[in-house]
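These notes concern the structure reproduced below.
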Amino acid sequence: MAVTDVAIEKIKSMIVTGVLRPGDRLPPESELAGALGLSRNSLREAVRALSLIRVLDVRQGDGTYVTGLGPELLLTAVGFAVDLHPAHTAPQFLAVRRILEPAAAALAAARITGPELDALHALLEVPADTGSEAELIARDLEFHRRIARAAGNPVLCALLDALSGTAPRPKAAATGHGTAARALREHRAILAALRERDAEAARSWASVHLAPTAQEPGPASVAGSLPGAGVTGR
């Protein structure tokens with residue numbers, strides 16, 4: 001194991017065992033290096049690496065602190081990996097989203113509040129053919145991000161946020177051939193299921209929304225058999 005990796009593991013152990021807690025300031029560099037049996041250079045490299053993945057927060061002129069260690073911080077690296085993934089692995093990331101987003105919708109059905117439902121409805125008030133492709137994608141991402149937050153699981157929310165990133169969504173990423181209008185209809189169906197507190201309908205419609213649009217059977221035939229087919233979201 002490289003010296004820097006050893007240093008990282010030692011700092012990690014201090015956090016895992018509770019010697020260092022979220023928000024704690026690390027001891028001075030010379031003191032910590034001596035306590036861990038590390039060179040100061042190795043310690044600096046470890047601190048730099050841990051700051052990049054949001055475990056540590058280096059504050060110039062103040063010191064180095066353990067972050068809050070919340071999932072929204074620690075899972076940032078997942079989003080970084082998504083942005084860098086080779087094109088041929090895109091279907092693998094999408095496959096994970098097809099598992100997690102319907103689960104989030106089902107959880108949200110039991111937890112979502114009236115104001116959260118109204119906020120989702122407001123996002124759907126904009127006509128499907130209004131705005132640029134980038135704006136359509138942004139609204140689509142915000143719709144699903146709000147549902148993930150309503151699910152009440154910060155880890156699930158952070159994972160979905162990281163997996164969404166700049167990776168294209170299968171439908172709202174395009175505006176031609178009625179694609180945006182179809183995505184809007186599916187959003188409304190998801191919203192209607194959430195209003196009805198119908199977890200299975202919410203899960204099913206979210207699955208339809210993420211279904212492949214090419215080389216596999218399309219969602220149209222599936223949608224017709226789902227609970228609440230044809231609903232408008234109000």
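Computed from heavy atoms alone, side chains included, the values below leave out hydrogens, waters and symmetry copies.
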Cluster overlap [X] with [Y], hydrophobic side-chain contacts below 4.5 Å:
| X | Y | result |
| --- | --- | --- |
| Val19 | Tyr65 | no |
| Leu20 | Leu69 | yes |
| Ile8 | Ile53 | yes |
| Leu26 | Leu73 | no |
| Val58 | Val55 | yes |

Considering non-hydrogen atoms only, spot the tightest contact between [X] and [Y] and give its length.
| X | Y | result |
| --- | --- | --- |
| Arg197 | Ala108 | NH1-O, 4.3 Å |
| Ile11 | Ala46 | CD1-CB, 4.0 Å |
| Ser51 | Arg48 | OG-O, 2.7 Å |
| Arg203 | Ala105 | N-CB, 4.5 Å |
| Val82 | Phe93 | CG2-CE2, 3.5 Å |
| Gly68 | Pro22 | O-CB, 3.9 Å |

First locate atom [atom1] of [X], then atom [atom2] of [Y], and finally report the distance between them rounded to the nearest 0.5 Å.
| X | Y | atom1 | atom2 | result |
| --- | --- | --- | --- | --- |
| Asp24 | Met14 | CG | CE | 9.5 Å |
| Ile137 | Ser164 | CD1 | OG | 11.5 Å |
| Thr64 | Arg44 | OG1 | CZ | 11.0 Å |
| Trp205 | Arg188 | CH2 | CZ | 12.5 Å |
| Glu45 | Leu50 | CD | CG | 11.5 Å |
| Leu194 | Ile112 | CG | CD1 | 5.0 Å |

Checklist entry - If you draw a 6.0 Å radius around CD in Glu72, do more than 12 non-hydrogen atoms from other residues or ligands fall strictly inside? => result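 Yes, because the 6.0 Å sphere around CD of Glu72 holds more than 12 heavy atoms from other groups.
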
Checklist entry - Should we count CZ of Arg59 as having more than 12 external heavy atoms under 6.0 Å? => result yes

Item to check | Trace of the side-chain contact (heavy atoms from CB on, under 4.5 Å) decision for Arg21 with Val66 | outcome: CA-CA 7 Å; Arg21 298 181 180 278; Val66 180; over 6 Å; no

Item to check | Among Val96, Asn153, Leu100, side chain to side chain contact (heavy atoms under 4.5 Å, CB included) partner for Leu160 | outcome: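 Result: among Val96, Asn153, Leu100, Leu100 is the only option passing the side chain to side chain contact (heavy atoms under 4.5 Å, CB included) with Leu160.
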
Checklist entry - Cut-off 3.5 Å, side chains only: do Ser42 and Ser39 have a donor facing an acceptor? => result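 Yes, because at least one side-chain N or O of Ser42 sits under 3.5 Å from a partner of the opposite role on Ser39.
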
Checklist entry - Are Asp161 and His144 linked by a side-chain donor-acceptor pair shorter than 3.5 Å? => result no

Has [X] got a side-chain atom pairing as donor or acceptor with [Y]'s backbone, closer than 3.5 angstrom?
| X | Y | result |
| --- | --- | --- |
| Ser13 | Glu9 | no |
| Glu101 | Arg98 | no |
| Arg111 | Ala151 | yes |
| Thr67 | Arg54 | yes |

Checklist entry - Should the pair Asp118-Arg195 be classified as a salt bridge under the 4.0 Å nitrogen-to-oxygen rule? => result yes

Item to check | Pair Arg146 + Glu142, salt bridge at N-O below 4.0 Å | outcome: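 Judged by the 4.0 Å cut-off on N to carboxylate O distance, Arg146 and Glu142 do form a salt bridge.
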
Checklist entry - What do the steps show when you test Leu120 against His187 for side-chain contact (heavy atoms from CB on, under 4.5 Å), and what is the final call? => result CA-CA 9 Å; Leu120 288 175; His187 281 167; over 6 Å; no

Next on the checklist: Is there a side chain to side chain donor-acceptor pair (under 3.5 Å) between Gln92 and Thr89? Walk through the geometry before answering.
Outcome noted: CA-CA 5 Å; Gln92 298 166 15; Thr89 65; 5.1 Å; no

Next on the checklist: side-chain contact (heavy atoms from CB on, under 4.5 Å), that's the test. Do Asn41 and Thr4 meet it? Break it down for me.
Outcome noted: CA-CA 9 Å; Asn41 281 340; Thr4 301; over 6 Å; no

Next on the checklist: Could you check whether any side-chain heavy atom of Ile147 comes within less than 4.5 Å of a side-chain heavy atom of Leu191, counting everything from C-beta outward?
Outcome noted: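 They are not in contact (no side-chain heavy atoms under 4.5 Å apart), so the answer is no.
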
